[in-house]
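Every chain is numbered from 1, with letters handed out A, B, ... down the list of sequences.
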Amino acid sequence: MNIHEYQAKEILRANGIPVPPGEVATTPDEAVSIAERYGGTVVVKAQVHSGGRGKAGGVKLATTAAEVREHAEAILGMTISDLTVEKILITPAEDIETEAYVGILIDRKSQAATFMVSAEGGIDIEQVAHTDPDAIRKLTVDPRYGLMNHQAYWLANSLYDDPALVKQAAKIIRQLHAAFTSSGASMIEINPLITTTSGEVKAIDAKMTIDDSELFRHPELVEYRDLSAEPAPETKAREADLSYVKLEGNVGCCVNGAGLAMATMDLVKYYGGEPANFLDIGGSSNPEKVVTALEIITSDPNVKVILFNIFGGITRCDDVARGIVEATKRIDITPPIVIRLIGTNEKEGLDILEEAGFTAFSSMDEVVERAVQMVKTG
Amino acid sequence: MNIHEYQAKEILRANGIPVPPGEVATTPDEAVSIAERYGGTVVVKAQVHSGGRGKAGGVKLATTAAEVREHAEAILGMTISDLTVEKILITPAEDIETEAYVGILIDRKSQAATFMVSAEGGIDIEQVAHTDPDAIRKLTVDPRYGLMNHQAYWLANSLYDDPALVKQAAKIIRQLHAAFTSSGASMIEINPLITTTSGEVKAIDAKMTIDDSELFRHPELVEYRDLSAEPAPETKAREADLSYVKLEGNVGCCVNGAGLAMATMDLVKYYGGEPANFLDIGGSSNPEKVVTALEIITSDPNVKVILFNIFGGITRCDDVARGIVEATKRIDITPPIVIRLIGTNEKEGLDILEEAGFTAFSSMDEVVERAVQMVKTG
Amino acid sequence: MAILVDENTKLVVQGITGRDGSFHTLQIMEYGTAVVAGVTPGKGGQTFQGPGGLGVPIFNSMDEAVAETGANTSVVYVPPAFAASAVEEAADAGISLVVAITEGIPVQDMARAHAFARDRGARVLGPNCPGVISPGKAKVGIISGDIVTPGPVGVISRSGTLTYEAVMLLTKAGVGQTTCVGIGGDPLIGTNFVDVLEAFAADGDTEAIVMIGEIGGTDEQEAAEWVSANLDIPVVGFIAGQTAPPGRRMGHAGAIISGSSGTAEDKMKAFEENGIAVAERPADIVGLIQAVLSAKFA
Amino acid sequence: MAILVDENTKLVVQGITGRDGSFHTLQIMEYGTAVVAGVTPGKGGQTFQGPGGLGVPIFNSMDEAVAETGANTSVVYVPPAFAASAVEEAADAGISLVVAITEGIPVQDMARAHAFARDRGARVLGPNCPGVISPGKAKVGIISGDIVTPGPVGVISRSGTLTYEAVMLLTKAGVGQTTCVGIGGDPLIGTNFVDVLEAFAADGDTEAIVMIGEIGGTDEQEAAEWVSANLDIPVVGFIAGQTAPPGRRMGHAGAIISGSSGTAEDKMKAFEENGIAVAERPADIVGLIQAVLSAKFA
């Protein structure tokens with residue numbers, strides 16, 4: 001789960017990291033009144049789950065109330081990477097001397113939290129990792145020891161020469177690690193970590209992803225979820241424990257298992273079609289889940305055909321068949337449905353479908369080819 | 001640093017461990033008013049840094065106000081292991097079904113915190129470890145992983161059969177480990193850990209030792225030190241960063257280094273004398289420390305002779321000599337002083353002593369033999 | 001022969017009394033695998049009723065289960081909040097292969113559990129995996145015994161149902177398997193492609209390997225390089241997620257393209273560059289395997 | 001020969017700019033030991049002025065110090081609150097012997113540092129120890145170079161000044177030492193009696209050993225059993241604290257009789273039962289050593 005900059009900053013602050021103050025506004029009036037309270041120059045920052053906000057015009061300096069209003073009006077409602085800006089953060093501008101990068105994320109290869117820091121701030125770390133790996137210092141945190149004090153200094157030493165700055169940065173790195181573990185994060189990025197002309201080290205921008213599997217431990221973080229930043233069908237899928245990702249095509253896919261779901265989308269493309277979505281109904285799906293899945297798929301007006309690809313393992317074919325039949329009774333489904341159904345309780349499932357007037361394929365290639373054909377022939 | 005039962009219980013409570021309420025009284029009147037507030041049967045418990053309080057008559061049940069007063073009067077002021085009882089804890093009596101033992105301490109051999117638990121409570125764990133080691137389950141907590149959940153259950157499984165009790169005990173064991181690490185303890189003992197007739201697991205007695213070297217991190221625990229439980233000279237020594245332990249003899253010893261100080265005491269005994277104390281003036285002792293050391297030694301009326309055994313390493317002989325001379329000027333020292341002084345800056349030290357009218361030995365055996373002789377010849 | 005599990009497997013089911021645990025224990029027992037114990041804290045002393053009147057003793061802890069039965073393998077059907085601890089308990093009890101089926105275990109929990117299992121010398125398969133089956137010998141996990149058949153092909157996959165698809169196609173075509181291994185869809189898994197490839201390389205009977213990857217991470221790329229440098233056995237590969245958009249998690253916690261890293265294109269390129277035949281569709285796997293097998297015996 | 005430190009020792013002083021660190025660095029350099037670097041965070045780039053105009057470069061971190069100088073040994077004169085971290089840093093930088101002089105390090109800090117050093121394959125001597133000296137070869141720590149002389153006797157002790165006493169008596173009697181090792185007075189020490197005995201056993205030149213213990217723990221008892229089972233070299237022992245009361249800490253954090261365990265009586269008994277000659281007084285050590293040495297060459 002991605003959270004907004006202002007939320008990430010709340011977590012960093014709670015862990016003792018120096019972060020300048022800031023307040024969120026949803027209207028230009030609010031923005032102006034916050035800015036007037038701070039006085040001086042402020043930064044108006046779009047709060048969306050996307051990088052490149054600066055380049056997209058979503059981050060602006062303002063020195064007068066008129067400027068604040070002008071920028072707030074421009075940024076609120078603007079679209080960045082398909083996301084509409086509904087909130088802006090107003091924060092006093094800082095006197096920046098240098099910019100560095102400090103990030104921590106779960107690294108697959110070392111199977112542990114890994115820091116990446118660079119004295120070059122404001123960068124795209126992935127880019128730098130490719131073009132100038134020496135500019136990045138990397139450290140894997142052994143889960144047996146946690147972040148050790150000397151390691152925090154080792155990282156901080158690569159950022160600054162001035163001992164006073166190194167000391168502040170080492171402390172921030174330790175606090176960042178504490179924030180990472182205590183909030184169940186899978187990624188936190190401070191970019192940039194600045195030094196001010198008066199010699200203070202501060203985090204002035206932050207990105208953070210919470211491990212979805214940790215949310216049960218952190219009810220307070222669940223509150224951070226911004227439903228306005230998530231399309232309604234995805235919210236509905238998540239709440240029903242389904243995995244759904246909307247795509248641009250017209251073949252609605254309903255599959256059990258993530259790998260098979262991806263392979264199904266790929267096969268749609270292989271046969272010349274375009275998948276409308278990724279949808280995994282999961283392992284032990286009951287009929288009710290299938291109904292919800294169909295509601296979600298049919299809510300996408302682009303969908304011209306609905307393709308079921310079910311290989312029953314834990315999933316029982318009769319459950320899926322029952323769900324399909326139930327859904328056709330309860331909701332008005334315009335696009336045609338083509339079904340592949342094999343595996344556990346296959347016979348029972350096929351019987352249920354047959355009784356409701358459906359036929360089913362047993363081969364994945366056949367069903368996908370048929371679905372694509374149906375779209376093409378209209 | 002040992003702390004009292006009531007203080008240990010505060011720490012356990014703060015870590016979530018179920019501990020019955022309790023308040024401390026220093027007078028019988030206070031005791032009665034606390035007991036009346038609780039109502040019902042209470043336990044009156046002497047608060048002294050000593051085991052075997054029960055056997056010494058320092059723990060009594062009381063059902064009426066008159067009984068509370070009677071026991072409070074008897075226990076306050078009583079002597080247990082040479083310690084005068086100045087505080088009593090009043091706590092409601094519990095409905096005890098079973099008693100178990102749960103302890104954690106730093107184990108030298110495994111170099112880590114080690115749990116010892118036993119379904120037989122109210123025991124002397126050291127005794128049981130000798131006579132019936134199978135009655136104890138031991139677990140070393142790997143400092144790399146901390147206490148793991150399954151290990152807490154493994155320990156708890158040895159205490160109870162009833163799953164509901166096991167679950168409570170496993171939680172208490174985890175909380176005890178958290179208390180141990182967060183308070184920098186070197187030993188915590190819950191003895192007994194009881195089950196009540198209503199199926200609750202509770203800690204009704206606790207002993208706890210804080211690692212002296214951790215105190216700088218825990219200013220709140222420093223407040224727990226009971227100066228009334230420590231002889232005044234030991235308080236003075238501690239504050240001056242000297243190690244002092246009073247003994248029963250009459251040869252006052254002032255030595256640099258713990259090993260040499262013990263060997264000096266042993267040699268006093270070897271030559272037929274009795275050491276009055278252990279005193280280590282430490283490594284880099286300055287003259288002022290030596291003055292304090294002499295003040296402490298001379299505050300013991302048993303001391304008939306003062307024996308210096310200094311082997312200068314980090315300690316400089318001239319510093320010690322200066323301290324001796326300074327002390328003889330500032331305080332009235334009745335017992336004769338015999339000195340052995342060799343090592344770093346030996347010559348300078350001997351010159352200072354000579355000028356002040358002292359002579360010094362160079363052999364440890366000679367100086368000790370001389371000191372013992374002086375006591376004997378009066 | 002076979003890898004990871006076989007006739008010598010003595011299995012403990014962790015979470016045997018749960019919904020998934022009890023259901024799959026029956027299936028595992030029906031396949032003929034020796035389930036010697038179950039563990040559910042607080043239910044020690046009870047008996048799990050297997051098929052044909054076979055009873056499985058239930059213990060409160062892995063420690064007791066292993067001590068009493070000499071089990072060498074465990075399978076974890078424990079809810080996410082407790083599953084990493086179950087893996088640690090199994091490793092601590094001396095289990096040498098821990099198969100973690102559970103999906104949704106917090107990643108930081110698993111980081112510690114993986115480190116602990118390594119220290120204890122235990123191999124973890126998964127988590128978030130369908131387990132492993134050696135046709136005709138042993139099944140540990142949820143891969144259906146109906147779709148496999150003994151034969152010369154080793155199968156490794158990050159996905160569950162996609163494995164079923166591939167294995168069913170092989171079986172239908174008369175191509176049997178030595179062992180089918182689902183390594184799991186999580187970002188931190190205990191056994192990766194290279195680990196399983198090494199095991200197949202040491203197995204005398206595996207004559208070809210199917211390797212099914214997906215988007216996210218670079219495990220397939222490293223496996224491809226390892227194959228090229230170390231493996232004599234021919235490998236056929238497939239990658240799911242060619243149409244997946246970047247930055248979105250595709251069901252599996254590990255199936256996500258981060259920035260430009262972990263794309264299907266990258267992985268397929270790595271396969272091709274390292275001599276691994278790439279199947280365009282799952283159905284093409286069969287033909288490619290048959291080709292490498294017949295080339296081998298030509 | 002010698003153990004732990006010798007002509008090949010390349011030393012880093014951790015906390016070189018502190019009061020104790022700078023004082024003892026001068027002494028160590030005067031003894032002829034190669035101090036190749038100092039570390040004080042924030043003072044990197046400065047130079048420590050040694051005797052005779054010799055300059056020692058100061059680094060911000062052990063990592064840099066080792067990379068730049070190839071140091072293999074470090075000595076820790078860092079205040080208690082930071083000393084365990086300094087030990088960890090040294091082990092992490094690839095130092096093979098870390099001599100921790102600091103007294104008063106929190107025990108739980110050291111438990112982790114010891115575990116980490118073991119994982120990294122580094123030996124820790126101490127903490128709360130006087131260090132080690134191989135007469136005529138190298139001195140690392142605070143044992144005075146003036147009281148030692150080369151010869152055939154290895155000395156191991158938990159105490160500082162008591163070591164000086166014993167070594168001085170040996171030297172005065174013309175009995176030299178291969179190496180004198182102070183293992184430290186803390187409850188958790190990185191190198192115990194057995195570890196040092198093993199090293200002396202492997203050293204060709206050590207012909208007799210003096211082992212100086214004290215109350216607290218059972219390290220001496222285990223060492224005695226090890227001597228009896230494994231060692232051909234004769235050992236003379238001494239135990240301090242025969243008159244110490246139980247339950248009271250005698251200066252050293254480790255010198256405390258807990259209940260009935262760790263008494264001097266116990267330890268002396270263990271020595272005698274395992275063929276270790278026990279000196280009643282420090283002064284008796286010399287005669288006993290001379291006896292075993294002459295018996296050996298008789």
Side-chain angles (χ1 to χ4, degrees), chain B residues 105-109 111-113 124-127 130 141-144 180-181 184-186 211-214 216-217 243 245 247-249 255-270 274-275 278-280 282-284 309-315 342-344 363-365, chain D residues 19-20 23-24 80-81 103-108 110-112 114-116 119 130 142-144 146-147 157-165 168 185 187-188 212 214-219 222 238 240-245 248-255 258-261 264 280-283:
Chain B
L105 56 85
I106 293 288
D107 179 57
R108 288 166 184 244
K109 213 172 292 180
Q111 303 210 318
D124 176 347
I125 192 75
E126 206 205 335
Q127 201 60 29
H130 279 284
V141 181
D142 188 331
R144 299 175 306 171
F180 186 82
T181 50
S186 53
D211 177 5
D212 295 313
S213 301
E214 289 262 12
F216 74 93
R217 279 189 192 133
S243 289
V245 177
L247 302 171
E248 299 304 308
V255 189
N256 68 318
L260 192 62
M262 282 189 272
T264 304
M265 285 159 41
D266 296 348
L267 205 60
V268 167
K269 181 94 175 176
Y270 176 87
E274 290 291 342
F278 169 93
L279 196 158
D280 172 11
S284 44
N309 183 9
I310 304 298
F311 198 132
I314 320 182
T315 311
I342 66 168
T344 311
S363 143
M364 175 169 165
D365 277 82
Chain D
R19 199 177 54 92
D20 289 350
F23 176 77
H24 288 290
E103 179 173 3
I105 305 177
V107 178
Q108 295 190 23
M110 273 319 295
R112 187 179 84 163
H114 283 312
F116 184 72
D119 275 356
I142 64 179
I143 298 176
S144 168
D146 298 339
I147 56 171
S157 173
R158 279 170 70 185
S159 151
T161 42
L162 188 51
T163 312
Y164 307 166
E165 186 76 39
M168 179 206 66
L188 305 193
I212 300 172
E214 63 189 33
I215 55 163
T218 55
D219 201 14
E222 283 132 38
F238 176 79
Q242 299 167 45
T243 50
R248 298 302 308 270
R249 173 181 151 172
M250 307 302 277
H252 287 159
S258 306
S260 65
S261 147
E280 275 196 89
R281 307 172 295 164

Student: Would you mind checking which part of D:I105 comes under 4.5 Å of any heavy atom in chain B, side chain (CB onward), backbone (N, CA, C, O), both or neither?
Tutor: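 Interface part for D:I105: backbone (N, CA, C, O).
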Student: With a 4.5 angstrom heavy-atom cut-off, is it the side chain or the backbone of B:S363 that approaches chain D, or both, or neither?
Tutor: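 Looking at B:S363, nothing touches chain D.
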Student: Quick one: which of B:K109, B:E214, B:Q111 has the most heavy-atom pairs under 4.5 Å with chain D, could you say?
Tutor: B:Q111
Student: Please flag which part of D:D119 lies under 4.5 Å from any non-hydrogen atom of chain B: side chain, backbone, both or neither.
Tutor: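 Only the side chain of D:D119 comes within 4.5 Å of chain B.
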Student: Against chain D, label B:D266 side chain, backbone, both or neither, depending on which of its atoms sit under 4.5 Å from a heavy atom there.
Tutor: both
Student: If you take all heavy atoms of B:A113 and B:F180, which pair is closest and at what distance?
Tutor: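 Minimum heavy-atom contact is CB-CE2, 3.6 Å.
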Student: Heavy atoms only, distances under 4.5 angstrom: which of D:G254, D:G185, D:S261 has the most pairs with chain B? Name it, please.
Tutor: D:G254
Student: Chain B heavy atoms under 4.5 Å from D:M110: which part of the residue, side chain, backbone, both or neither?
Tutor: neither
Student: Counting only non-hydrogen atoms closer than 4.5 Å, does D:A81 touch chain B with its backbone (N, CA, C, O), its side chain (CB onward), both, or neither?
Tutor: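 Contact with chain B involves both backbone and side-chain atoms of D:A81.
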Student: Heavy-atom pairs under 4.5 Å with chain B - which of D:S159, D:A115, D:A253, D:G241 has more of them than the others?
Tutor: D:G241
Student: Measuring heavy-atom distances to chain D, does B:S213 have an atom under 4.5 Å in its side chain, in its backbone, in both, or in neither?
Tutor: both
Student: Is it the backbone or the side chain of D:I212 that comes under 4.5 Å from a heavy atom of chain B, or both, or neither?
Tutor: neither
Student: Checking D:S258 against chain B: side chain, backbone, both or neither under 4.5 Å from a heavy atom?
Tutor: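 When you check distances to chain B, only backbone atoms of D:S258 fall under 4.5 Å.
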Student: Under 4.5 Å heavy-atom distance to chain D, tell me which part of B:I310 shows up: side chain, backbone, both or neither.
Tutor: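 Neither part; nothing is under 4.5 Å.
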Student: Pick one of side chain, backbone, both or neither for D:E103, based on which atoms fall under 4.5 Å of a heavy atom in chain B.
Tutor: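 Contact with chain B involves no heavy atom of D:E103 at all.
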Student: What is the distance from atom CG of B:N309 to atom CG of B:L267, rounded to the nearest 0.5 Å?
Tutor: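 Rounded to the nearest 0.5 Å, the CG-CG separation comes to 8.5 Å.
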Student: Less than 4.0 Å between a side-chain N and a carboxylate O, is that true for D:R249 and B:D212?
Tutor: yes
Student: Does any heavy atom of chain B fall under 4.5 Å from the side chain of D:F238, the backbone, both, or neither of them?
Tutor: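 Contact with chain B involves the side chain of D:F238 alone.
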Student: Is it the side chain or the backbone of D:P80 that comes within 4.5 Å of chain B heavy atoms, both, or neither?
Tutor: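 Contact with chain B: none, neither part.
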Student: For the candidates B:K269, B:R144, B:E274, which exhibits the highest count of non-hydrogen atom pairs separated by less than 4.5 Å from chain D?
Tutor: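 Top option by heavy-atom pairs under 4.5 Å: B:R144.
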Student: Counting heavy-atom pairs closer than 4.5 Å to chain B, which one of D:E222, D:R158, D:R112 comes out on top?
Tutor: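 Of the candidates given, the most pairs with chain B belong to D:E222.
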Student: Below 4.5 Å from any heavy atom of chain B, which atoms of D:Q242 appear? Answer side chain, backbone, both or neither.
Tutor: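 For D:Q242, the contact with chain B is made by backbone and side chain together.
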Student: Side chain from CB out, backbone as N, CA, C, O: work out which of these in B:A263 comes under 4.5 Å of a heavy atom of chain D, or both, or neither.
Tutor: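 Its backbone and side chain both get close to chain D.
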Student: I need the minimum non-hydrogen distance between B:A258 and B:F278, along with the two atoms involved.
Tutor: O-CE1, 3.7 Å
Student: Heavy atoms only, distances under 4.5 angstrom: which of D:G216, D:G160, D:A264, D:P130 has the most pairs with chain B? Name it, please.
Tutor: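 Option with the top pair count is D:G216.
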Student: Can you name the closest pair of heavy atoms from B:P143 and D:A111 and give their distance?
Tutor: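 Shortest heavy-atom contact: CG-O, 3.6 Å.
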